[in-house]
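Remarks on the structure that follows.
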Amino acid sequence: ANRIRRAVTLIEVLVATVVVSSIFIVVWYFYSHGMSNLQVTERILESTRGAHILFELLHRDLKRASEVAIPRELLSSSDPKLEPGDAVIYVDLKEYVYRKKERRITIDGYPFTLGRFEEVSFRLTEPGLVTVKIVPIPSASGTGESERGDPALVAMRGLLAGVGGEGTDVEVRSGLQ
């Protein structure tokens, strides 16, 4: 039986092109969203690590402390260096200063470069008991610059025992008992 070979029509070529293009678009969509979610997760992890390291520094210093001072009179005075929302704590002779405007911590005058923070506060709730609140801001790229509109603010609690969006106070016993 002699068969006549039939050529592929233009409509069949167009349908095949549309199907292949649709598959590529779907694959690209999932890939690009997966990569953007990965970047958001990395930023959150980076900022949470910075908060964790800051907490560990404070925790270590407070555990060994022989003197802790939170100078409320400095915060309420008309000192131009400190503004509302700033926080200061002295642990022995070491100074931790949080500047809300810059969203940065300095430790003995040196900037803490591992993250920026939405909020940091210190309270002496009773003799020998300091409450610390640290709320990091996920950095925009690994440069430490903040992304202010990012809703993914992660609060660090203790040794990362819990993660929430509002920030959590952590109580640390100092060596002053």
Side-chain angles (χ1 to χ4, degrees), residues 29-65 68-72 74-75 81-126 128-177:
Y29 175 81
F30 282 115
Y31 173 77
S32 66
H33 280 286
M35 290 306 290
S36 93
N37 286 340
L38 180 65
Q39 290 172 346
V40 167
T41 303
E42 285 175 351
R43 287 194 317 259
I44 291 170
L45 256 166
E46 177 185 315
S47 64
T48 305
R49 272 190 211 116
H52 178 81
I53 291 168
L54 176 62
F55 177 78
E56 285 297 318
L57 287 170
L58 277 163
H59 185 258
R60 183 195 65 206
D61 288 346
L62 286 169
K63 284 289 188 186
R64 298 177 184 169
V68 174
I70 301 173
R72 300 226 180 265
L74 283 177
L75 294 174
K81 296 177 189 171
L82 297 173
E83 298 177 2
D86 290 354
V88 178
I89 188 170
Y90 294 96
V91 180
D92 290 331
L93 296 176
K94 196 174 200 177
E95 176 189 58
Y96 289 86
V97 178
Y98 170 70
R99 304 230 182 255
K100 177 107 177 135
K101 190 179 212 177
E102 300 168 12
R103 300 178 187 273
R104 295 246 184 234
I105 291 265
T106 56
I107 302 171
D108 280 339
Y110 296 102
F112 181 78
T113 58
L114 297 179
R116 294 182 71 173
F117 304 93
E118 182 68 33
E119 180 183 355
V120 175
S121 64
F122 313 106
R123 283 184 299 148
L124 197 57
T125 51
E126 63 182 67
L129 186 64
V130 176
T131 302
V132 178
K133 183 175 186 177
I134 302 172
V135 182
I137 299 174
S139 61
S141 56
T143 62
E145 290 306 311
S146 73
E147 198 171 278
R148 293 190 59 163
D150 195 336
L153 296 178
V154 178
M156 198 205 63
R157 177 175 191 190
L159 302 174
L160 295 178
V163 177
E166 297 295 320
T168 307
D169 290 346
V170 180
E171 293 182 343
V172 180
R173 286 254 175 230
S174 68
L176 300 173
Q177 281 99 325

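Just the heavy atoms: all of them, side chains too, but no hydrogens, waters or symmetry mates, feed the values below. Each residue takes its place number in the sequence, starting with 1.
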Between CD on residue E56 and NZ on residue K63, distance to nearest 0.5 Å: 11.0 Å
Separation between CD of E42 and CD of E46, rounded to the nearest 0.5 Å: 9.0 Å
Distance (rounded to the nearest 0.5 Å) between D92 CG and L62 CG: 9.0 Å
Exercise: identify the closest heavy-atom pair between I134 and V132: CG1-CG1, 3.8 Å
Pairing residues for Y96 by the side chain to side chain donor-acceptor pair (under 3.5 Å) criterion, not counting sequence neighbours: D61
V130/T125 under side chain to side chain contact (heavy atoms under 4.5 Å, CB included): CA gap, chis, key distance, verdict: CA-CA 6 Å; V130 176; T125 51; over 6 Å; no
Student check: side-chain heavy atoms of I89 and V68 closer than 4.5 Å: yes
Residues, nucleotides or ligands: over 12 heavy atoms within 6.0 Å of L93 CG: no
Distance (rounded to the nearest 0.5 Å) between R116 CZ and R99 CZ: 14.0 Å
CG-CG distance between L124 and L129, expressed to the nearest 0.5 angstrom: 7.5 Å
Intermediate values then yes/no, side chain to side chain contact (heavy atoms under 4.5 Å, CB included), L54 and F117: CA-CA 11 Å; L54 176 62; F117 304 93; 3.8 Å; yes
4.5 Å side-chain heavy-atom contact, F122 and L58: yes
Those residues that, when tested against E95, pass side chain to side chain donor-acceptor pair (under 3.5 Å) (two or more places apart): Y90
Spacing of CD1 belonging to I137 relative to CZ belonging to R43, to within rounding of 0.5 Å: 12.5 Å
Derivation of the side chain to side chain contact (heavy atoms under 4.5 Å, CB included) call for V97 and I105: CA-CA 6 Å; V97 178; I105 291 265; over 6 Å; no
From CA spacing to verdict: side chain to side chain contact (heavy atoms under 4.5 Å, CB included), I53, F112: CA-CA 10 Å; I53 291 168; F112 181 78; 4.2 Å; yes
Least distance between heavy atoms, R123 atom then I70 atom: C-CD1, 3.5 Å
Under-4.0 Å salt bridge between K100 and D86: no
